[in-house]
Amino acid sequence: MKQFLLIAFCAAAMTAIAPQVEAAQIKRACLASDRAAATRDRCSCIQRVADQALTRSDQKTVSKWFEDPHQAQELKMSKTARDDALWDRYQNFGQMAQAICS
């Protein structure tokens, strides 16, 4: 019984910690990029906009585009409704980030 409770406690703790570990993916990718405009303040602002405009799954996908922009182009050219919807959310996010974080 003690072992079961310990496993349940550990699982609950990991569930509580996981979202924090995944948080700020866009900010980290922004800061890691070699863009001159990627300041801590600007990347933090972009992350706040991402939190409003993109799901966590979207953020995970989009954060990879900082390192490999070709992935974004591939998604843009995709013909699936799911990819089209993500591209629309991404464009909305980009417009919002540009207006708010410039």
Side-chain angles (χ1 to χ4, degrees):
M1 181 66 171
K2 287 181 185 180
Q3 186 178 13
F4 173 77
L5 291 176
L6 179 61
I7 292 170
F9 174 76
C10 289
M14 291 302 290
T15 305
I17 293 171
Q20 294 174 1
V21 172
E22 292 180 9
Q25 292 181 8
I26 298 289
K27 179 182 175 183
R28 282 195 307 274
C30 177
L31 289 170
S33 71
D34 60 355
R35 294 172 177 90
T39 64
R40 182 167 296 285
D41 287 342
R42 181 164 289 138
C43 291
S44 294
C45 180
I46 291 169
Q47 179 63 56
R48 286 191 300 275
V49 174
D51 289 340
Q52 295 173 12
L54 301 171
T55 66
R56 214 169 276 253
S57 176
D58 291 347
Q59 290 182 40
K60 184 176 181 180
T61 300
V62 170
S63 68
K64 295 174 185 174
W65 297 350
F66 281 83
E67 192 171 326
D68 184 6
H70 182 69
Q71 290 182 15
Q73 186 64 26
E74 287 181 8
L75 184 119
K76 181 180 178 183
M77 294 296 146
S78 173
K79 299 296 183 200
T80 69
R82 181 174 176 244
D83 288 347
D84 287 346
L86 173 55
W87 186 254
D88 290 344
R89 290 189 303 273
Y90 175 70
Q91 285 188 305
N92 180 51
F93 155 69
Q95 291 169 355
M96 288 174 56
Q98 186 174 15
I100 295 170
C101 302
S102 294

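What you see is a predicted model; the values in this text were computed from it and never measured.
Taken to the nearest 0.5 Å, the CG atom of Leu86 stands 5.0 Å off from the CG atom of Leu75. Met77 contributes atom CE, which lies 12.0 Å from atom CG of Asp83 (distance to the nearest 0.5 angstrom).
In the hydrophobic clustering of ILVMFWY residues, with side-chain heavy atoms under 4.5 Å counting as a link, Leu31 and Phe66 come out apart.
Of the options Gln59, Lys27, Arg42, Gln25, a side chain to side chain donor-acceptor pair (under 3.5 Å) to Gln47 is made by Gln59 and by none of the others.
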Show every donor-acceptor pair shorter than 3.5 Å between a side-chain atom in residues 88-102 and any protein atom, with sequence neighbours excluded, or say none if there are none.
unit_1	atom_1	unit_2	atom_2	d
Arg89	NE	Asp58	OD2	2.6
Arg89	NH2	Asp58	OD1	3.0
Arg89	NH2	Asp58	OD2	3.4
Ser102	OG	Gln98	O	2.4

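In terms of heavy atoms, Ala38 sits closest to Cys30 at CB-O, 3.3 Å. Between Ala29 and Ser63, the closest heavy-atom pair is CB-O, 3.4 Å.
In terms of modelled atom types and a separation under 3.5 Å, the side chain of Thr61 and the main chain of Ser57 share a donor-acceptor contact.
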